[in-house]
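Labels below follow one simple rule: chain letters A, B, ... track the order of the sequence lines, proteins then strands, and each chain is numbered from 1. Only a predicted model underlies this, so the values are computations on that prediction, with no experimental measurement involved.
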Amino acid sequence: MLRYIVLTLIFIACSYLGITVGRRYVKRHRDLKEVEKYIISLSNEILYNNTPIPEALIILSTKSNKDFSDLFNDAAKYLISGEEKSIFDSFKKSYEIRKEKFYFSKDDEKILGDFLKAVGSTGIYGQEKIFDLVRANLDINIKDSLEIANKNSKLYSYIGILSGAMIVIFLI
Amino acid sequence: MGIKEEIIPIFPESISYKLLDYIDKNTQEIRIKVNKPIIIYKNIGEIILGINISSDDIKYILKRISNYSLYAYEEEIRQGFITLKGGHRIGLAGECVMEKNRIKTIKNISSINIRITKEIIGAGNKVLKGIVENGNVKNTLIVAPPKCGKTTVLRDLTRLISSGNRECKIDGKKVVVIDERSEIGASYLGIPQMDLGIRTDVLDNCLKREGMLIAIRSLSPDVLICDEIGTKEDIDALVTAFNSGVNVVVTVHGSNLKEILDRGEFNYIIKNQIIQRVVLLNNKNGVGTLDKIYEVSKGGEFRCLDI
C-alpha cells in the first residue's frame, strides 16, 4: 500500500514540476502584457497631464494588481523621501524585494531598466520618443513571449507528466 | 511644514546635514554654483559656507526640485525658474538653447538660486487701508525692487480682501489669484498651501493673460490678483479686466514712480486712471515696509495719501 502511495506522490510531484515550469512562460507573457498596459497609462499621465513621476506612480498603483501596485507604491515612496537617487534605483530596490513574484526574462529587465533610466530626464518631446521606443521593444518581447509560452508551457507540462510516469513504470 | 523641511531634502545627504545649522526663518536666499561655495543670504547679511558644490550635486538638486520629472517643468525652465513645494522660487542659470530667437530650454545648469518664500500674516494691513475706499478695493499697482516683499504683501492683501476686514470696513470679496509661478498660493496638487482667504480661487501655473480672461469669463471675481506684470499682453488683459468691471491688484518691479511712468504701457494705464493707487514698498525696516501710497487722479496727477 505504502509503495503505491509513494509512486503516486512521485508522479504528482513530477507532473507539478513540469506544469509549474511551463506556467512560468505563460506568466511572463501575462506580466509583459500588464507592463504594456501600465506604460500606456504612465504615458497618458506624463504626456497629457504633465504629472510628475512620483505622483503618476501613486495614481498607477491604484489601478494595478497587487504585486505591481506594491512595486509602484514603494518606488514612489523612495523617490519622494529621497532614499534613492534616481527613478531607476527606486524601481530596482522595489523590484529586488519582490522579484520572485514576477517572471521577466533578463532581456525584459534590460528593456524596462533602460526605459527607467531615461524617463523623466527630458522634455515632453523626448519623453514621447522614450515611450515609443519602450513600447516598440515591449511589443517584440510580448510576441516572442506568446510564442514561447504556447510552445514551452505544453512541452514542459508533458515532460513533467511523462517523466513522472516513466519513473513510476521503472519503479514498478 | 517649515522652511527646513521644505528646503533641506532637495540637497544631497553630504550637504544637507551641514546646512541644517544655517537655515532658519531669517534665511532669504541660498545661492549655489558649480565649484563655488554655497552662499546663504539672511537679513543680517551673507554667510559663505566652506562647502563646494560639484556638478553631480547640481544634477541631484535639479532632479529633486523637478520631482524627477523635467518634462513637467519645461515651461518654467524655459523661463528660468522652478517653484518648489511651499512656494520657494528656484532660479536657474546655465547654457541657453535658442530656437527662433526664443529660449527653448536651459541645459548644463550651473547655478541655482533658492529664494525662500515667507507667509507674514498682517504684512498687508497698512497697505489695505490705503487701497480701500467706501468698502471697495481700488485698482492698485504695488511697486518695489526685488526682495522688498511685493509677493508677501500681495499674498496678505489677498487674504484680507477675501476674508474681509472690519478695521478697513471691507466685506469679503470674491478674489481670483492668477498664480503664474505658484508663489502667491504655493499650491501643491492644485491646493494653495498659504492662507489666501475663504473666497479665493487660484489659477495655479497659469499664464497671466490667459488666466485673467478665464477668471473674467467663468469665475466672476470682484478682485483679480496678479504678481509681477510686465509685458504688453499682461497690460492688455488688465485693461480687459478693468473694462469688465473687475478690480485689480498687481505688482511690478521698480524702485520709484518715475521709473514706472517711463515705461510706456504703465504710463498708459496710470494716465488713463485704470490704476487708481500706486503703492511703493522698500525694505528699510524689514521686508514689505510701506514707503508711500499715491492716489492717481484725473490726468495722471498723484496725491500722496496719509496712512
Side-chain angles (χ1 to χ4, degrees), chain A residues 39 41-62 71-94 112-134, chain B residues 1 4-17 19 54-79 82-86 92 94 96-97 99 102-109 182 187-191 204-207:
Chain A
I39 283 189
S41 288
L42 188 64
S43 72
N44 286 341
E45 284 298 334
I46 288 177
L47 302 179
Y48 298 106
N49 295 339
N50 259 9
T51 313
I53 302 272
E55 287 155 29
L57 292 176
I58 290 169
I59 294 168
L60 265 190
S61 75
T62 62
L71 179 77
F72 296 144
N73 239 332
D74 279 0
K77 200 172 73 188
Y78 299 141
L79 286 174
I80 292 166
S81 66
E83 206 173 315
E84 291 299 322
K85 287 186 173 176
S86 67
I87 296 168
F88 175 76
D89 290 338
S90 300
F91 264 95
K92 193 176 170 194
K93 187 173 176 182
S94 179
L112 295 173
D114 289 346
F115 166 71
L116 292 170
K117 281 175 190 166
V119 74
S121 60
T122 64
I124 283 289
Y125 179 73
Q127 294 300 296
E128 268 184 58
K129 297 286 167 204
I130 289 162
F131 277 107
D132 288 347
L133 181 68
V134 71
Chain B
M1 271 217 275
K4 276 187 183 174
E5 287 80 5
E6 285 160 354
I7 301 293
I8 294 291
I10 68 169
F11 290 95
E13 215 174 319
S14 57
I15 295 168
S16 61
Y17 80 94
L19 280 178
S54 69
S55 61
D56 281 346
D57 292 332
I58 295 264
K59 278 180 195 158
Y60 179 82
I61 294 168
L62 269 176
K63 271 189 196 170
R64 293 290 290 160
I65 58 182
S66 67
N67 229 340
Y68 305 90
S69 316
L70 282 178
Y71 59 85
Y73 297 90
E74 220 173 353
E75 188 53 41
E76 285 93 333
I77 292 171
R78 206 197 310 271
Q79 292 184 46
I82 290 177
T83 306
L84 200 63
K85 188 179 174 186
L92 309 168
C96 293
V97 180
E99 189 182 63
R102 194 171 172 249
I103 295 173
K104 188 179 170 190
T105 188
I106 303 176
K107 66 174 186 177
N108 300 329
I109 289 169
S182 298
S187 298
Y188 181 67
L189 300 177
I191 303 164
D204 185 43
N205 244 327
C206 183
L207 287 174

Student check: side-chain heavy atoms of B/Ser66 and A/Pro52 closer than 4.5 Å: no
When A/Leu79, A/Asn50, A/Thr122, A/Val119 are compared by non-hydrogen pairs under 4.5 Å with chain B, the top option: A/Leu79
Roughly how far apart are [X] [atom1] and [Y] [atom2], rounded to 0.5 Å?
X        : Y       : atom1 : atom2 : value
A/Glu83  : B/Glu13 : CD    : CD    : 10.0 Å
A/Ile124 : B/Glu75 : CD1   : CD    : 12.0 Å
B/Asn67  : A/Ile53 : CG    : CD1   : 9.0 Å
A/Ile87  : B/Tyr68 : CD1   : OH    : 8.0 Å

Structural part of A/Ile80 lying under 4.5 Å from a heavy atom of chain B: backbone
Interchain contact, A/Ser86 with chain B, by part (heavy-atom threshold 4.5 Å): both
Enclosure of A/Lys85 NZ (heavy-atom neighbours >12, cutoff 6.0 Å): no
Enclosure of B/Lys104 NZ (heavy-atom neighbours >12, cutoff 6.0 Å): no
Check: A/Thr51 main-chain N/O paired with B/Tyr71 side-chain donor or acceptor under 3.5 Å: yes
